[in-house]
Amino acid sequence: MKIAIAGSGAMGCRFGSMLFEAGNEVLLVDRWETHVKKIRENGLAIKKEDRNQVLYMDASLPEESEGTFDLVIVFTKSMQTDEMVKSCRHLIGDHTRVLTLQNGLGNIETLETYVPKSRLLAGVTTFGTELLGPGHIQALGTGHVHIMQVDGGESEAVKEICAVMNAAGMNVEVSRDVLISIWNKVAFNAVLNTLCTIINDTVSAVGSYQQIDEVINAIVDEIIVVAEAEGINLNKEVIVKMIVDVFDPKMSGNHLPSMVQDLHSGRPTEIDYLNGAIVEKAKRHNIAVPTNELIYHLIRMLEGRRQ
């Protein structure tokens with residue numbers, strides 16, 4: 001399959017490299033010129049738990065990218081979705097499927113302005129990856145992927161995409177309700193990304209706190225109430241299990257989430273699309289979410305210090 005990764009940071013490079021190793025034609029697309037140049041000249045360096053490797057893959061800036069693709073996977077930060085897809089429109093043909101595996105709320109609505117629902121897929125992943133530098137990533141543990149066609153259909157194309165991704169070791173399942181999967185991942189990140197950022201430590205460090213269950217409950221309970229007001233029925237046990245499972249170092253416990261990495265690098269975080277989005281939706285429904293609101297402000301304060 002011919003696949004373009006729109007937004008080839010840590011996660012984009014990991015997924016792109018796995019698909020490339022499985023025999024697909026993969027193009028890594030990113031706006032970071034130094035990163036793209038490094039991959040072009042020296043290959044993509046990947047640090048794994050058992051070995052290091054270098055893969056010689058195609059990489060380009062969005063405007064320089066050529067051709068049309070069977071699948072475009074969007075991995076940019078939520079605030080960069082519109083700009084990236086607009087600059088990659090020429091890669092999307094009449095039969096191209098577009099898959100978002102981004103964090104946060106609002107990405108589907110943005111992508112619907114460029115791709116019909118019948119060719120738009122959305123999903124979530126629990127894979128963990130860190131960007132160590134230009135052209136260099138660290139792949140941590142394993143994970144799973146849930147995807148679904150946004151219009152609710154299950155076309156042959158969706159089945160083919162699942163088969164291709166599973167051949168690359170991605171543990172893909174078709175979700176019965178992608179919105180539930182996305183809200184589950186929002187809750188997952190609203191807990192782990194933010195707490196790791198606040199304490200400036202790994203997922204395992206957060207999980208080692210003896211009363212972490214009380215913190216998880218405070219954040220997740222508020223999100224569930226807001227989701228219900230939005231017509232989304234979440235299962236708290238499923239969300240808590242997603243969170244607790246990754247405390248194990250074998251399941252990305254040694255991972256520093258992207259929000260921590262963004263803060264260290266002086267980049268804006270995705271807080272507006274996680275706890276911030278929960279706060280905004282809660283206001284529209286006149287729901288109090290004090291824990292999520294506090295976390296939102298704490299991350300904003302940390303961003304201000306870095307800037």
Side-chain angles (χ1 to χ4, degrees), residues 9-15 18 46-50 75 77-78 101-104 123-133 136-146 169-171 181-223 234-265 267 269-271 273-278 291-292 294-296 298-299 302-303 306:
M11 289 294 291
C13 280
R14 181 168 189 184
F15 271 63
M18 293 172 74
I46 306 170
K47 181 179 180 181
K48 297 185 177 180
E49 293 172 351
D50 58 343
F75 258 124
K77 301 293 183 185
S78 294
L101 290 174
Q102 299 161 278
N103 292 330
V124 295
T125 178
T126 59
F127 278 90
T129 314
E130 293 178 15
L131 186 64
L132 301 180
H136 192 190
I137 65 168
Q138 181 173 12
L140 297 161
T142 184
H144 297 85
V145 179
H146 290 174
M170 293 178 176
N171 305 316
S181 296
I182 289 171
W183 273 81
N184 283 345
K185 185 63 183 295
V186 166
F188 175 92
N189 285 320
V191 173
L192 289 181
N193 276 21
T194 57
L195 294 181
C196 287
T197 302
I198 290 166
I199 71 168
N200 192 31
D201 213 331
T202 63
V203 171
S204 289
V206 168
S208 68
Y209 179 53
Q210 288 188 340
Q211 293 170 284
I212 189 60
D213 57 328
E214 295 180 24
V215 182
I216 293 171
N217 288 337
I219 300 169
V220 172
D221 285 346
E222 291 179 359
I223 294 174
L234 302 181
N235 184 319
K236 182 178 178 179
E237 290 183 7
V238 170
I239 295 170
V240 172
K241 186 177 187 301
M242 283 176 61
I243 295 167
V244 173
D245 280 353
V246 296
F247 289 155
D248 184 345
K250 294 178 182 178
M251 289 293 291
S252 305
N254 293 325
H255 177 50
L256 277 175
S258 59
M259 186 175 287
V260 183
Q261 299 175 53
D262 288 339
L263 195 71
H264 287 176
S265 301
R267 296 187 296 264
T269 73
E270 291 183 292
I271 191 65
Y273 298 87
L274 297 172
N275 307 71
I278 298 301
T291 307
N292 280 273
L294 174 61
I295 287 174
Y296 170 79
L298 289 172
I299 299 298
L302 290 170
E303 283 184 329
R306 287 290 181 182

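Taking CG from N103 and OG1 from T269, the interatomic distance works out to 11.5 Å, rounded to the nearest 0.5 Å. To the nearest 0.5 Å, the span separating CD1 on I271 from CD1 on I278 amounts to 10.5 Å. Here the straight-line distance linking atom CG of L302 with atom CG of D262 works out to 13.0 Å at 0.5 Å rounding. Between the CG atom in N292 and the CG atom in L274 there is a gap of 10.0 Å [rounded to 0.5 Å]. We find the OH-OG1 distance between Y296 and T194 to be 13.5 Å, quoted to the nearest 0.5 Å. The CZ atom of F188 sits 9.0 Å away from atom CG of D245, with the distance rounded to the nearest 0.5 Å.
Checked by atom type and distance alone, the side chain of T202 never pairs as donor or acceptor with a backbone atom of L256 at under 3.5 Å. No donor-acceptor distance shorter than 3.5 angstrom exists from the side chain of Q138 to the backbone of L132, with no hydrogens or angles considered. A donor-acceptor pair under 3.5 Å links the side-chain atoms of T125 to the main chain of H144, judged by distance alone. For R14 (side chain) and I46 (main-chain N/O), no donor-acceptor pair under 3.5 Å exists by modelled atom type.
Shown here for A190 and I223, the closest heavy-atom pair between the two residues is CB-CD1, 3.8 Å. Taking both residues in full, the closest heavy atoms of T291 and E222 are given as N-OE2, 2.9 Å, listed atom of the first, atom of the second, then distance. Nearest heavy-atom pair, L131 versus Q261, reported as atom, atom and distance to 0.1 Å: N-OE1, 3.1 Å. Of all heavy-atom pairs spanning T197 and N193, the tightest one is OG1-O, 2.6 Å. Residue V203 comes nearest to V246 through the heavy atom pair CG1-O, 3.4 Å, listed as atom of the first residue, atom of the second, then distance. Contact record, Y209 with V215: CE2-CG2, 4.2 Å, taken as the closest heavy-atom pair.
The side-chain heavy atoms of Q102 and Y273, taken from C-beta on, include no pair separated by under 4.5 Å. Side chains of L101 and M11 form no contact here, defined as non-hydrogen atoms less than 4.5 Å apart. A 4.5 Å side-chain heavy-atom check between V124 and N184 finds every atom pair outside the cut-off.
Each of I216, V260, I243 was evaluated against L192; a single residue qualifies, I243, per the side chain to side chain contact (heavy atoms under 4.5 Å, CB included) test.
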Inset, instruction - For side-chain contact (heavy atoms from CB on, under 4.5 Å), just list the numbers for I295 and I219, CA-CA rounded to whole Å, side-chain angles, deciding distance to a tenth of an Å, and then say yes or no. - result: CA-CA 9 Å; I295 287 174; I219 300 169; 3.4 Å; yes
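K241 NZ: 12 or fewer foreign heavy atoms inside a 6.0 Å radius. Around the NZ atom of K47, the shell of radius 6.0 Å holds no more than 12 heavy atoms that belong to other residues, nucleotides or ligands.
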